[in-house]
Amino acid sequence: MSDNLEPVNFIRQAINADLADKKHDKIVTRFPPEPNGYLHIGHAKSIWLNFGIADDYEGECTLRFDDTNPIKEDEEFVTAIEEDVRWLGFKWSRIAHASDYFPKLHEFAIELIHKGLAYVDSLDMETMREYRGTLKEPGKNSPYRDRSVEENMDLFSRMKAGEFADGKHVLRAKIDMQSSNINLRDPVIYRIRHHAHQRTGDAWCIYPMYDFTHGLSDAIEGVTHSLCTLEFEDHRALYDWFLSHVSAPCHPRQIEFSRLNLNYSVMSKRMLTQLVNNGHVDGWDDPRMPTISGLRRRGFTASAVRNFIGSVGITKKANVIEMSMLENAVREDLDSISPRAMGVLKPLKLVIENFPEGESEPIEVANHPNDPSMGTRNILLTREIYIDHDDFMEDPPKKFFRLGPDREVRLRYGFVVHCHKVIKNDAGEVIELRCTYDPNTRHGQQPEGRKVKGIIHWVSAEHCVDASVRLYDRLFQEANPLADKTKAFTESLNPHSLQVLTNCKLELSLGSPSVDTRYQFERLGYFYPDIDSSSSHPIYNRIVTLRDSWAKIDKQRKS
RNA sequence: UGGGGUGUAGCCAAGUGGCCUAAGGCACCGGAUUUUGAUUCCGGCAUUCGGAGGUUCGAAUCCUCCCACCCCAGCCA
């Protein structure tokens, strides 16, 4: 489901070339998350790529959990990941776990030992690091490097049998301690971990490392193209080494692409975990999080996320995408599918003095200005209404064409009202407006020579529901929260990223929202009911604001 | 001279030696329509492709040198 007609990216070009060379008759990919956290929008890029390719080439894509480190992983994450992939609209050909392959992987390890290409090392971690050398200096061989096949087999089987404590021995590939590629300096392929695994329980106390597991799992699954991010570029030599030194059923091709980064955000699982665990946000699905579950709860649609990914493209260039790209994708998707409604976020009472008390005027309004098929609904106009505080200014600047003392404005779908009195409380705050309406402006009538530019939304004070609305802003106040290496990234968290409004007045139709419907609150933005809503008190999340040229003018005016 | 990568507008990104005096999107700046300052619509926005040389009738695309930035020294993935 890659609904964008993007130019053929370099990965698809490589696949096309392989197909032209008759290397494969079917394309197989995989999405290989480690279940140690929730998926974020960066993962969506990989998902979109891998599943999109499988779909378009009529191939297969496996959802495979790279679960080789039982200390960090958890079943909770497995469930969440499955749900997120499904929500994004992708279907896996099958679901697998690297742990399914533990027996086979163990056989491959033994094969390497027998070939003299792997050995049990007994250096402690610290010493092993010293022996590894540095980026510029070669490493040196471990004194255990030349153990006999028999000795290695004996030790390895005793490692597996649980005879040794964690860290006592490791199994290493025997490659080249002098290599300029550090990954080839006899990488560890098995380590001892006396820790129950979420799937295999206590069956194993030795666990294979990523580099060994990943490529061989790909081969076991018949993957043709193993797509991963740039930081694994250096690992490709090792990926290929394992595949060519073991009797693997096939040799997948690893191709790397750049990760997705968003400004005013962080995209590292480690940091997102920290935000959750330290209570900076309200969980993995906090609507401010760049996680799939956060975006979902916020009200983003899966198609908006997919379109966004499609619009940023796949390359090898390091990139930071502007948040406005994502917002654009959401607005584009939501504009056509969202029914319109009126909601007042910061209520200011407005009394229309020449409107008869106790009466109400029903007005039939369209649910969508450009799509008659979305139908109409009735709203009621009454003597007392609420308007938004932001639509009134006591001393308005020239370009502000909303309400002010002795000014007039049109009530959306209704008539023009003129404000002739402003009532304040003891603190000097405006608490009520007294207005009169002009009967000649009913139903959109515009008397000759009269131009009323301002139109504001409103809600009948009598016919409305109380609600809460959560307004979200960017999570970080710095475009790059990691730029200043002298401070923790959490120091650039935006203190105003969440604003909760508890006294909102919404039109009746918003009191019982339709399932899975995003609404446009006219003139304000797109909103989505939060799961914390109750039937008596709805709670809406603001997904994104509408484009707001007044906000732009106002900002320039103030600066 | 450790290795591996990347450099096209503020942000993404097409372009794969001649139709490129360089697509498209976002952002930005106009202007039209509009009972959402929304949507939609029109127009503007790189004589230039990190820099300098070179090859060629012709270079963003090929060669050489240089510069900048990113990744790698977990028994993490």
Side-chain angles (χ1 to χ4, degrees), chain A residues 6-10 13 32-34 36 66 68-69 71-73 121 123-125 128-130 132-139 166-172 179-185 187-193 207 209-211 213-214 228-237 256 258 263 269-270 311-329 331-332 335-336 340 342 365 368-370 399-402 410-416 441 443-446 452-457 520-525 545-554:
Chain A
E6 288 303 307
V8 177
N9 62 54
F10 78 100
Q13 289 181 26
E34 184 190 12
N36 67 343
D66 258 356
T68 57
N69 187 354
I71 291 173
K72 291 186 173 179
E73 296 152 10
D121 198 355
L123 253 27
D124 60 74
M125 229 187 276
M128 196 185 287
R129 181 172 28 216
E130 284 164 16
R132 187 152 37 231
T134 68
L135 293 177
K136 296 189 177 183
E137 301 153 29
D166 289 11
K168 197 73 186 153
H169 305 285
V170 291
L171 184 70
R172 291 230 254 172
S179 175
S180 51
N181 181 345
I182 290 188
N183 295 299
L184 263 21
R185 316 235 264 232
V188 171
I189 60 185
Y190 265 92
R191 78 291 215 185
I192 301 169
R193 280 237 202 298
Y207 292 94
M209 297 287 289
Y210 165 83
D211 284 304
T213 308
H214 195 82
C228 63
T229 45
L230 249 30
E231 68 272 24
F232 293 106
E233 228 157 3
D234 291 338
H235 295 239
R236 192 173 62 237
E256 311 85 11
S258 52
N263 64 8
K269 238 194 253 179
R270 197 196 98 239
S311 75
V312 303
I314 306 286
T315 67
K316 290 179 76 107
K317 204 187 112 185
N319 62 77
V320 182
I321 311 292
E322 291 180 348
M323 203 53 103
S324 62
M325 280 265 215
L326 217 205
E327 292 175 347
N328 178 258
R331 291 194 186 108
E332 198 170 70
D335 176 54
S336 59
R340 312 287 128 123
M342 292 202 283
V365 303
H368 191 111
N370 311 316
K399 285 182 176 170
F400 183 85
F401 30 88
R402 273 112 101 149
R410 180 178 288 281
L411 297 178
R412 168 125 249 233
Y413 304 118
F415 37 57
V416 172
T441 58
H443 308 306
Q445 288 172 45
Q446 189 100 298
V452 178
K453 189 143 194 197
I455 297 158
I456 62 173
H457 58 277
Q520 186 198 95
F521 290 9
E522 294 208 57
R523 305 207 310 130
L524 296 175
T545 61
L546 254 31
R547 277 196 188 83
D548 187 350
S549 47
W550 161 247
K552 231 180 274 176
I553 294 166
D554 196 39

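In what follows, every heavy atom counts, from backbone to side chain, and hydrogens, waters and symmetry copies are set aside. Here the structure is a predicted model, which means the values were calculated and not measured. Just so we're on the same page: letters track the sequence lines, and every chain starts at 1.
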Measure from the side-chain heavy atoms of [X] and tell me the nearest of [options].
| X | options | value |
| --- | --- | --- |
| A:Lys136 | B:A38, B:G2, B:A77 | B:G2 |
| A:Arg191 | B:U36, B:A77, B:G5 | B:A77 |
| A:Thr315 | B:G3, B:A13, B:U36 | B:A13 |
| A:Glu322 | B:G10, B:G5, B:A73 | B:G10 |

**Request:** State which residues pass salt bridge (charged side-chain N to carboxylate O under 4.0 Å, His left out) with A:Arg129; sequence neighbours excluded, sorted by chain then number.
**Result:** A:Glu126
**Request:** Could you list the residues that satisfy salt bridge (charged side-chain N to carboxylate O under 4.0 Å, His left out) with A:Glu233, not counting sequence neighbours?
**Result:** A:Lys316
Is [X] touching bases, backbone alone, or none of the nucleic acid, heavy atoms closer than 4.0 Å?
| X | result |
| --- | --- |
| A:Tyr207 | nothing |
| A:Glu137 | nothing |
| A:Tyr190 | nothing |
| A:Leu123 | base |
| A:Asn69 | sugar-phosphate |
| A:Met342 | nothing |
| A:Asp554 | nothing |
| A:Ile321 | sugar-phosphate |
| A:Ser324 | sugar-phosphate |
| A:Val170 | base |
| A:Asp234 | base |
| A:Glu256 | nothing |
| A:Pro369 | base |
| A:Val320 | sugar-phosphate |

**Item:** Distance test, side-chain N/O of A:Arg132 to OP1/OP2 of B:G74, below 4.0 Å
**Value:** yes
**Fill in**
Paired with A:Arg193, the side chain to side chain donor-acceptor pair (under 3.5 Å) test is passed by just one of A:Asn69, A:Asp166, A:Thr68, namely A:Asn69
Figure out the [atom1]/[atom2] separation between [X] and [N], and round it to whole Å.
| X | N | atom1 | atom2 | result |
| --- | --- | --- | --- | --- |
| A:Ile182 | B:C72 | CD1 | P | 11 Å |
| A:Ile455 | B:U36 | CD1 | P | 4 Å |
| A:Leu230 | B:G5 | CG | C1' | 6 Å |

**Asked** Which atoms form the tightest heavy-atom contact between A:Val8 and A:Gln13, and what is the distance?
**Response** O-NE2, 3.1 Å
**Message:** Pick the closest RNA chain B nucleotide for A:Met325 and for A:Phe521 by heavy atoms, then say which residue is nearer the 5' end.
**Reply:** A:Met325
**A:Thr441 side chain vs A:Val416 backbone, donor-acceptor pair below 3.5 Å** = yes
Determine the interatomic distance between [atom1] on [N] and the same-named atom on [M]; round to the nearest Å.
| N | M | atom1 | value |
| --- | --- | --- | --- |
| B:G31 | B:A13 | P | 33 Å |
| B:C12 | B:A27 | C1' | 11 Å |
| B:A14 | B:C62 | P | 16 Å |
| B:U16 | B:G25 | C1' | 22 Å |
| B:G10 | B:A46 | P | 11 Å |
| B:U61 | B:G44 | P | 28 Å |

**Prompt:** Is the closest side-chain heavy-atom distance between A:Met342 and A:Tyr413 below 4.5 Å?
**Reply:** yes
**Message:** Checking one value: the base orientation of B:G43, syn if chi is within 90 degrees of 0, otherwise anti.
**Reply:** anti
